[in-house]
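In what follows, chains are A, B, ... by sequence order, proteins preceding strands, each numbered from 1.
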Protein chains: 2
Amino acid sequence: MRDSGTMSTTRRLGAEDSATRAALLDAARQLLLEEGYAAVTSRRVAARAGLKPQLVHYYFRTMDDLFLALVRRGGEQYLERQARALASPRPLRALWELSSDPAGARLTTELAALANHRKAIRAELAAYAGRIRRLQAEALAGVLAGYGIDAEVVPPEALLVLVTALSQILVLEDTLGATTGHAEMRALVERCLAHYEGPATNG
Amino acid sequence: MRDSGTMSTTRRLGAEDSATRAALLDAARQLLLEEGYAAVTSRRVAARAGLKPQLVHYYFRTMDDLFLALVRRGGEQYLERQARALASPRPLRALWELSSDPAGARLTTELAALANHRKAIRAELAAYAGRIRRLQAEALAGVLAGYGIDAEVVPPEALLVLVTALSQILVLEDTLGATTGHAEMRALVERCLAHYEGPATNG
DNA sequence: GTCTATACTTCGATAGAC
DNA sequence: GTCTATCGAAGTATAGAC
């Protein structure tokens, strides 16, 4: 019952807790970040990890399975980081900083582009996106009310879409080299954060 | 002097006003939208247009040249549509609707993902992004002042980053099937637009 | 768990005939 | 302007030895 998916053949698969498997996932993540999803091929992933291409197919039956594993590992890691951010004394600022992390934002963008034409990956990514945002909304509902933000006017869910959208676009456009208006936007965000949670700490 | 780029070989190239060339670009655009940039190969573009693969290389020396042509054609078209939107009686709403156009937003996302690891395309895309946003900012500066929005508090450039970010993410997440918070966010945007430019027209 | 060997497909790109 | 023919490289995936 280890086989993920449709279980059509009898071919054996490597264990999920294998160090080699983790190394392949690390290599895939690097390639995804540095050169985009089209660069994540069995040959190149293996080369990056210093292994033979056939090992990729030993641990992941298909390349889609590898991408799925990448989404799941990344999703779980993000949920953990987010839980810590939401529990911090300045949850809004912590959330802004978490979603502004360049590596995370680029990974999300790349996986989203890939998911656009791969059904299984799309479903998995959408499921994580939903979980992540719902947990954010639950945790922030009380916080925002405490800040005097009326949920009738600005519902927590809407504010979270806004935070995600802004941080994502700023990172994406930075990567492209198109930064018109970024300084102004960051200043505006900083002013809002400072208003509700005080100035940024320099630690 | 027709050769775009470094002019290293003497191979001939098709004319830029050719109907066949336009058909190839149309086919490439369709593939990009429907199946992502990885599906835009010379063979598949030609098949979609009902032509032979070698014709792609006759009109575009390399696949990068094809993508560049796609960026330029799309960029020019967008600049025209945007000029009309900004000159309309409700420029803010027109801009929101333009950037919320699913086809345009998806095309941008896909090209941005592609550009992440193709230098020439990245430069071209960034140049268009800069032009587009600067023209927006110029046109809206006076409008926003007329609405009583203080440019010291909310600079036009910042507002435009916000509009772009929100519309882009809403379309992207819709495509993925992750819509948590979207209804709330759209309602909030609609309230803002209605406040400054009156309710939506049903025509 | 990792290797060699291999089958088959699709890719970008070019040369040269018509 | 479009065709036939063709190259070498890279892709996914599998079988079976060690």
*Figure out the CE/P separation between B:Met63 and C:dT10, and round it to whole Å.*
16 Å

*Please find out if less than 6.0 Å separates the ring center of B:His117 from that of B:Tyr37.*
yes

_No-hydrogen, no-angle side-chain donor-acceptor test under 3.5 Å, A:Glu157 and B:Thr180_ = no

*Under 4.5 Å between any side-chain heavy atoms of B:Leu193 and B:Trp96, yes or no?*
yes

*Separation of A:His57 atom NE2 from C:dT6 atom C1', in whole Å?*
13 Å

*Measure from CZ on A:Arg21 to P on C:dT2 and round the result to the nearest Å.*
13 Å

*Using whole Å, report how far OH of A:Tyr59 lies from P of D:dT14.*
17 Å

*Just checking, is any N or O donor in the side chain of B:Thr179 or B:Glu173 under 3.5 Å from an acceptor N or O on the other one?*
no

*For A:Phe60, answer base if it contacts any base atom (sugar-phosphate contacts may also be present), sugar-phosphate if it contacts only those atoms, and nothing otherwise; contact means non-hydrogen atoms under 4.0 Å.*
nothing

_Between D:dG11 (P) and A:Leu66 (CG): distance, integer Å_ = 14 Å

_A:Leu24 to A:Val45 - nearest heavy-atom pair and separation_ = O-CG1, 3.6 Å

*Indicate whether OP1 or OP2 belonging to D:dA13 is found under 4.0 Å from a side-chain N or O atom of A:Tyr58.*
no

*Output yes when B:Asp26 and B:Arg21 qualify as a salt bridge under the 4.0 Å nitrogen-oxygen rule, no when they do not.*
no

*asked:* Distance criterion of 3.5 Å, no angle test: do you see the side chain of A:Arg12 paired donor-to-acceptor with the base of D:dT14?
replied: no

*Rounded to the nearest Å, what distance is computed from the CD atom of residue B:Glu16 to the C1' atom of nucleotide D:dG1?*
16 Å

*Pick base, sugar-phosphate or nothing for B:Ser18, based on heavy-atom distances below 4.0 Å to the nucleic acid.*
nothing

*Please work out if A:Thr20 contacts a base, only the sugar-phosphate, or nothing of the nucleic acid, heavy-atom cut-off 4.0 Å.*
sugar-phosphate

*Near DNA chain D, which residues from residues 31-54 of chain A have a heavy atom under 4.0 Å away?*
A:Thr41, A:Ser42, A:Arg43, A:Arg44, A:Gln54

*Would B:Leu98 and B:Tyr78 count as a side-chain contact (heavy atoms from CB on, under 4.5 Å) if you check the C-alpha gap in whole Å, the side-chain angles of each, and the deciding distance to 0.1 Å?*
CA-CA 9 Å; B:Leu98 175 59; B:Tyr78 195 90; 3.7 Å; yes

*Could you give the CG-to-P distance, from A:Leu55 to C:dA5, as a whole number of Å?*
16 Å

